[in-house]
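Comments concern the structure below.
Just so you know, residue 1 is the first one in the sequence shown, and it goes up from there. One-based numbering, in listed order, for ligands and for the atoms of each.
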Amino acid sequence: MLVTRFAPSPTGYLHIGGLRTALYSYLWAKKNGGKFLLRIEDTDLKRNSKEAAIAIEEAFKWTGLSHDDSITYQSNRFDIYKKYVQQLLDEGKAYYCYMSSAQKDELYEKQKANKERTKYDGRYRDFEGTPPNDIKPVVRIKSPLEGQISFVDGVKGEVKFDVKDVLDDFVIARADGTPLYNFVVAIDDALMGVTEVIRGDDHLSNTPKQMVVYEALGFDIPKFFHVPMILNPSGKKLSKRDGAMDVMDYKKDGILPEALLNFLIRLGWSNGDQEIFSMDEMLDLFNPNDINKSASAYNAEKLSWINTQYIKSLHVDRLVEVLKDYDLDLSCFEKRVELIDLLRDRAKDMNELKSMVNSIIIEPNNYDEKAVEKFLKGDALEILGAFNEELKAKGEITLADEFKEVANKFLESRGLKLKHLAQPIRIAIVGSAVSPSVFDVLSIVGFKDVVKRIDKLVKVGV
Ligand code: GLU
């Protein structure tokens with residue numbers, strides 16, 4: 001079975017680069033009827049926090065990507081890692097190293113002075129003497145000393161490293177027994193049955209080390225896909241200034257998770273010039289072997305455009321559900337379908353949709369000064385009041401066309417034009433001169449509230 005995973009380190013929030021590889025991993029697993037697993041890489045007890053892990057899980061939930069099985073926390077697995085450290089020690093594939101930090105500094109200084117890469121020199125690899133008793137040893141794994149290490153990456157093709165450029169006998173367990181990153185990643189990927197690893201290409205140089213671990217422990221090496229970074233429009237590393245980095249900032253900015261995922265799939269992968277992909281299409285079309293070899297540029301306008309496309313086209317029930325996240329519950333509002341349909345084409349994000357909805361469903365407490373000045377001149381309030389009396393005489397009506405008919409008859413009888421009535425009505429109903437089609441708005445607000453709001457403006461004034 002094809003198994004992928006997303007393995008964030010809880011050092012901060014869930015960032016969009018991480019979410020993109022999570023999406024790719026999710027799609028690839030689901031497309032192949034496989035499993036997509038979530039592993040929280042929290043072995044670095046100094047840099048990781050429980051709060052960050054919770055924040056990542058929450059952000060992940062918000063995206064709607066679901067993982068299989070329960071979440072694996074590396075911090076619960078120290079016993080497993082210890083067992084493998086011991087196994088390698090017993091098999092002579094790893095050894096204790098008693099080099100002091102002063103000795104390490106001295107070694108590295110010398111190497112730097114010779115313009116060499118800083119690396120461990122293997123001094124305790126075959127040590128047989130009496131170890132110093134004032135040093136708690138770390139455990140190092142025996143890496144190949146020469147030759148090449150290579151693998152075929154699904155994105156980059158054949159990747160070759162000269163062992164002497166990338167490897168040394170690296171530490172797999174610290175002096176206090178805690179295991180190190182490259183060691184546990186390989187163990188967990190193997191034990192969790194991960195067959196394909198899709199991750200950022202900032203991890204490319206870790207791969208040879210992880211391959212050493214796989215080989216030492218006799219595990220199968222998964223297939224790797226190293227995805228190029230997301231850059232800013234000027235080709236530099238993406239920073240907070242270029243766009244939100246924390247996935248939850250997108251939510252705050254009114255971006256729909258569907259739109260964010262759609263945006264992310266296109267950052268690094270394409271299908272002709274298609275821009276909008278439903279989840280079904282993503283599942284159908286995505287293949288990590290087609291991921292672009294070069295880095296992709298973040299484009300905030302594109303995201304905003306995709307977001308508007310989703311606001312225009314998503315099912316109303318879904319938008320109603322999302323609006324709950326923005327503290328707006330429309331589930332009991334009878335005309336929610338008409339309301340959303342009336343506004344969705346104009347909203348550029350969910351915050352705007354929410355405020356447009358509120359401007360209609362909440363009776364205004366004050367009125368836009370400029371609109372009042374411009375449209376409530378002369379006998380405008382008197383006309384509005386008379387129209388309201390016409391409405392009351394007509395009795396409860398519901399349809400936009402019915403409101404329109406009353407208005408037309410009223411205007412005709414007084415020899416007036418729609419412009420004499422439309423803006424004053426808008427001011428009474430939504431507090432400003434800006435709203436979608438006025439009769440649609442009246443129909444959604446409902447007869448009783450329409451009459452009440454107009455009365456309020458006419459009788460109480462501005
Ligand atoms: N924990 C690593 C990170 O957050 C990812 C490790 C991996 O995908 O292999 O960057």
Distance-only donor-acceptor check, side chains Arg426 and Gln423, under 3.5 Å: yes
Side chain to side chain donor-acceptor pair (under 3.5 Å) between Tyr13 and Asp249, worked out: CA-CA 10 Å; Tyr13 44 74; Asp249 282 344; over 6 Å; no
Heavy atom of the protein closest to atom 10 (O) of ligand 1 (residue, atom name, distance): His203 NE2, 2.9 Å
Close-contact set for ligand 1 against Ala7 heavy atoms, below 4.0 Å: 1 (N), 2 (C), 3 (C), 4 (O), 5 (C), 6 (C)
Interfacing atoms of ligand 1 (cut-off 4.0 Å, heavy-atom, Glu41): 1 (N), 2 (C), 5 (C), 6 (C)
Ser443 side-chain N/O to Phe439 backbone N/O, donor-acceptor pair under 3.5 Å: no
Within the 6.0 Å centroid threshold, strictly below: Phe224 and Phe151: yes
Atoms in ligand 1 with a heavy atom of Arg5 nearer than 4.0 Å: 7 (C), 8 (O), 9 (O)
Region of Pro8 engaging ligand 1 - heavy atom pairs below 4.0 Å: backbone
is_close_aromatic(Phe6, Phe36), centroid dist under 6.0 Å: no
Distance-only N or O hit between ligand 1 and Val185, under 3.5 Å: no
Phe263/Tyr250 aromatic ring centres below 6.0 Å: no
Sub-4.0 Å heavy-atom approach of Gln210 to ligand 1: no
Per-atom contacts of ligand 1 with Tyr181, taking only distances under 4.0 Å to non-hydrogen atoms: 2 (C), 5 (C), 6 (C), 7 (C), 9 (O)
